[in-house]
Amino acid sequence: MDSRRSIPRTDDLLADPDLAPAVARAGRDRVKTAIQQAQQRARTGELAPDAVKRAALAALTPLRRVINATGVLLHTNLGRAPLSPLAVRAIADAAGVTDIELDLETGRRGRRGRSALAALAAAVPAAEAVHVVNNNAAALVLAATALAGGKEILVSRGELVEIGDGFRLPDLLVSTGARLREVGTTNRTTLRDYAEAVGPETGFVLKVHPSNYRIEGFTATPEVAELSTLGVPLVADAGSGLLRPDPLLPAEPDAATWLNAGAHLVTASGDKLLGGPQCGLLLGRADLVERLRRHPLARALRVDKLTLAALEATLAAPATPVAAALHADPEALYVRAQALAERLADAGVDAAAVRTEARVGGGGAPGVTLPSAALAVAPVLAARLRSGDPAVLGRVERGHLLLDLRAVPEELDKELLSAVTACG
C-alpha cells in the first residue's frame, strides 16, 4: 500500500476546524503553504502522516512551546529561564493598564517600576541602590558609558570573554567610547598588575566572572576584596544571576558576596539562575547607581512593564522552576524515568530509563555536572519530536535520543509521554 495515501489531503486540512484560527490569523495562502511543507516531510518519512496537521500548526505559531529535555537547565536557544507560575500571572495582569509610573495615592507621576525595584533591593540588602535594564550586556554598556566614557577600563586579559553568537566583551565596551587597558596575562593576573595601571584616565576596574569557560593549572587572579582597594570604582560582572550563595554551585559568584567583599557595582542577568525574565541587574553604591539611572542612555535601555512585573513576581516566588530543577533529587528523577519507560513499553515504544548528567548552561557554572535521569529512545524520534506541539528537544548521545528529566517539571510528564507515544 502506498504510504502517501495516508497523508491528509490539503483541502481536508484547510477545512479542519483546528486550523480555522490559523487561517483567520495568518491567511489561507500561508496556511496552505505550511500544510504542503508538512506533507512533503511526511512523504520523505521525517514525519508520521498523522503528525502533518500538528506540524503545520506548529509552523504557523510565532513562538512554539518546547519541553526542554536536553539536560541543560538554562538553554540559551530555548529562552533560558522558564518563569514561575506567579511570574506568568503577573505578566498577564500587567498586560493591561498598570500604574507603572503613577502614584495612585497622589495621582502624580511615580518612579518607574518602584515596587519591582523595592523587591530587588530587599533581596540584596548589601546593595545601597538598584536599577534594571534590558539585559546584562546593557548593564555593562551603561556602566561603561556613564563611568568610563572617554576613559580607560582596566580588565584582565584572562577575562576578555566572548558572550555568545560572536559578540565579544571588548567590542561591546569600546563601542561606548571607553578604552580598554588590558592587564596581566591570560592565565595569571595580580593585584600589582592592576595597581600599576591605575591612573588619572582610569574610569573603573572591571572584574568579569568567566562563566562559560574555565582556566586551570598555573593560574592567579585577585579577589574582589583586593580589587576594591585600588581607589577607583570596581564594577563586577557576576553574569549568571545568583543573588545569594548556593551550596550546589560553590564556585559561582553571587551578588551579595561580591558586594559585601567591596565591589562598588555588580551586574547580573535576570534570566539565568535567578529564574526570572531577561533583564540586567545593577546593584551597588548609591551614587554610582544614580549616575547610571540618570544617564541619557538609561532611557534607551529601560525595561517594559511586563519585565518589571515578572521580575517582582520572581523575587516574591517561594521557588522558581530553575531552582527546582537545580535542586531536583536524582533518585526521584530516575524513578520518574522508570515509570515513563514502562508506560512507553506498554504503548509499544522501545524506551529505557538511564542515569545521565545534566548541566546548568546559559553561561553558568562551567564544568559543573548534575546527576540526572533520562528516557533513552530511538534517535530517529528526534526530528519528529521537534515537530510536535509542544516540541520536545532532547540530545543524541551514545546512539540514543536522551530525554533528560532534570529540566522537565513532573507536571509535564503526561505531555512528554503523549508526544513520544505519538512519534514512536
### Task
Could you grab the distance from atom CG of Leu405 to atom OH of Tyr334, nearest 0.5 Å is fine?
11.5 Å
### Message
Heavy-atom count check: over 12 atoms from other residues, nucleotides or ligands less than 6.0 Å from Asp350 CG?
### Response
no
### Val392 vs Val66 side-chain heavy atoms within contact, under 4.5 Å
no
### Backbone of Leu172 reached by a side-chain donor or acceptor of Ser175 within 3.5 Å
yes
### Query
Name the one of Asp254, Leu249, Asp246, Thr320 that satisfies side-chain contact (heavy atoms from CB on, under 4.5 Å) with Leu273?
Leu249
### Query
Is any side-chain heavy atom of Arg291 less than 4.5 Å from a side-chain heavy atom of Leu147?
yes
### Query
Hey, is the main chain of Phe204 close enough, under 3.5 Å, to the side chain of Thr202 for a donor-acceptor pair?
no
### Message
Could you go through Leu308 and Glu312, starting from their C-alpha distance and side-chain angles, then the distance that decides it, and tell me whether this counts as side-chain contact (heavy atoms from CB on, under 4.5 Å)?
### Response
CA-CA 6 Å; Leu308 289 167; Glu312 181 176 358; over 6 Å; no
### Message
If you define the side chain from C-beta out and look only at heavy atoms, does anything of Glu101 sit under 4.5 Å from Arg111?
### Response
no
### His75 side chain to Asn77 backbone, donor-acceptor under 3.5 Å
yes
### Task
Could you tell me whether the side chains of Asn260 and Thr257 share a donor-acceptor contact shorter than 3.5 Å?
no
### Message
Suppose we screen for side chain to side chain contact (heavy atoms under 4.5 Å, CB included). Which residues come up paired with Glu357, at least two apart in sequence or across chains?
### Response
Thr369
### Query
Tell me, do Leu311 and Leu315 make a side-chain contact under 4.5 Å, heavy atoms counted?
yes
### Query
Is the count of non-hydrogen atoms from other residues, nucleotides or ligands lying under 6.0 Å from Glu105 atom CD greater than 12?
no
### Message
Using the salt bridge (charged side-chain N to carboxylate O under 4.0 Å, His left out) criterion, which residues pair with Glu223? Sequence neighbours excluded.
### Response
none
### Task
Decide side-chain contact (heavy atoms from CB on, under 4.5 Å) for Leu297 and Val141; before the verdict, give the C-alpha distance in whole Å, the side-chain angles of both, and the deciding distance to 0.1 Å.
CA-CA 9 Å; Leu297 183 61; Val141 163; 3.8 Å; yes
### Summary
Minimal heavy-atom distance between Thr307 and Cys279, with the atoms involved, is CG2-CB, 3.9 Å
### Message
Nearest 0.5 Å, please: how far is NZ in Lys305 from CG in Asp93?
### Response
11.5 Å
### Query
To the nearest 0.5 Å, what is the distance between CG (Asn134) and CD (Gln278)?
7.0 Å
### Query
How far does CG of Leu206 sit from CG of Leu173, to the nearest 0.5 angstrom?
6.5 Å
### Task
Please answer whether the main-chain N or O of Leu19 pairs with a side-chain N or O of Lys53 as donor and acceptor at a distance below 3.5 Å.
no
### Query
Which atoms form the tightest heavy-atom contact between Leu83 and Gly276, and what is the distance?
CD2-C, 3.4 Å
### Query
Could Arg65 and Glu415 be called an ion pair, given the rule that one side-chain N must be under 4.0 Å from one carboxylate O?
yes
### Task
Could you pull out all residues at least two apart from Arg64 that satisfy salt bridge (charged side-chain N to carboxylate O under 4.0 Å, His left out)?
none
### Message
Between Lys272 (side chain only) and Gly241 (backbone N and O only), is there a donor and an acceptor less than 3.5 Å apart?
### Response
no
### Query
Charged N to carboxylate O under 4.0 angstrom, Arg384 versus Glu46?
no
### Query
For Thr219 and Asn187, does a side-chain donor sit closer than 3.5 Å to a side-chain acceptor?
no
### Task
For the pair Arg157 (side chain) and Gly184 (backbone), establish whether a donor and an acceptor sit closer than 3.5 Å, ignoring hydrogens and angles.
yes
### Task
Determine whether Thr356 and Arg395 make a side-chain contact, defined as any pair of heavy atoms from C-beta on separated by less than 4.5 Å.
yes
### Task
Show your reasoning for whether side-chain contact (heavy atoms from CB on, under 4.5 Å) applies to Arg302 and Val133.
CA-CA 5 Å; Arg302 75 180 189 178; Val133 290; over 6 Å; no
### Task
Check whether more than 12 heavy atoms from other residues, nucleotides or ligands sit under 6.0 Å from atom CZ of Arg359, and answer yes or no.
no
### Query
Of Leu326, Asp271, Val360, which meets side-chain contact (heavy atoms from CB on, under 4.5 Å) against Leu74?
Val360
#### Entry: Closest contact, heavy atoms only, Asn68 versus Leu73
ND2-O, 4.0 Å
### Task
In sequence, state the C-alpha distance, the side-chain angles, and the governing distance for Val72 and Asp404, and then conclude on side-chain contact (heavy atoms from CB on, under 4.5 Å).
CA-CA 9 Å; Val72 179; Asp404 197 298; over 6 Å; no
### Query
Do Pro277 and Leu306 come within less than 4.5 Å of each other through their side chains, counting heavy atoms only?
no
### Message
I need the minimum non-hydrogen distance between Ala310 and Ala87, along with the two atoms involved.
### Response
O-CB, 3.8 Å
### Task
Please report the shortest heavy-atom distance between Asn136 and Thr267, naming the atom on each side.
OD1-OG1, 3.1 Å
### Message
One thing to verify: whether Asp99 and Arg114 come together as a salt bridge, which I'm taking to mean a side-chain N less than 4.0 angstrom from a carboxylate O.
### Response
yes
### Query
Within the distance-only criterion (no hydrogens, no angle test), does the side chain of Arg406 pair as donor or acceptor with the backbone N or O of Pro371 below 3.5 angstrom?
yes
### Backbone N/O of Ala197 and side chain of Arg181: donor-acceptor pair under 3.5 Å
yes
### Message
Taking Arg293's backbone N and O only, do any of them form a donor-acceptor pair with His295's side chain (distance below 3.5 Å, no angle check)?
### Response
no
### Task
Determine whether Leu140 and Asp237 make a side-chain contact, defined as any pair of heavy atoms from C-beta on separated by less than 4.5 Å.
yes
### Leu282 backbone acceptor or donor facing His131 side chain under 3.5 Å
no
### Query
Taking it one step at a time, do Ser156 and Lys207 satisfy side-chain hydrogen bond (donor to acceptor under 3.5 Å, both in side chains)?
CA-CA 8 Å; Ser156 168; Lys207 171 72 174 174; over 6 Å; no
### Task
In plain terms, say whether Glu128 and Arg285 are close enough for a salt bridge, that is, a side-chain N and a carboxylate O under 4.0 Å apart.
no
### Message
Consider side-chain contact (heavy atoms from CB on, under 4.5 Å). Of Asp413, Leu417, Val349, which one does Arg343 pass it with?
### Response
Leu417
### Query
So, do Glu252 and His209 sit near enough that their side-chain heavy atoms are less than 4.5 Å apart?
yes
### Message
What's the separation between atom CG in Leu265 and atom CG in Leu259, rounded to the nearest 0.5 Å?
### Response
8.5 Å
### Query
Where is the tightest heavy-atom contact between Ala317 and Ser84, given as atom of each residue plus distance?
CB-OG, 4.0 Å
### Task
For the pair Glu342 and Arg336, find out whether any cationic side-chain nitrogen is under 4.0 Å from an anionic carboxylate oxygen.
no
### Task
First locate atom CG of Leu78, then atom OG1 of Thr70, and finally report the distance between them rounded to the nearest 0.5 Å.
6.5 Å
### Query
Does Arg109 pair with Asp103 as a salt bridge, N-O distance under 4.0 Å?
no
### Query
Does Glu201 come within less than 4.0 Å of Arg179, counting only side-chain N to carboxylate O?
yes
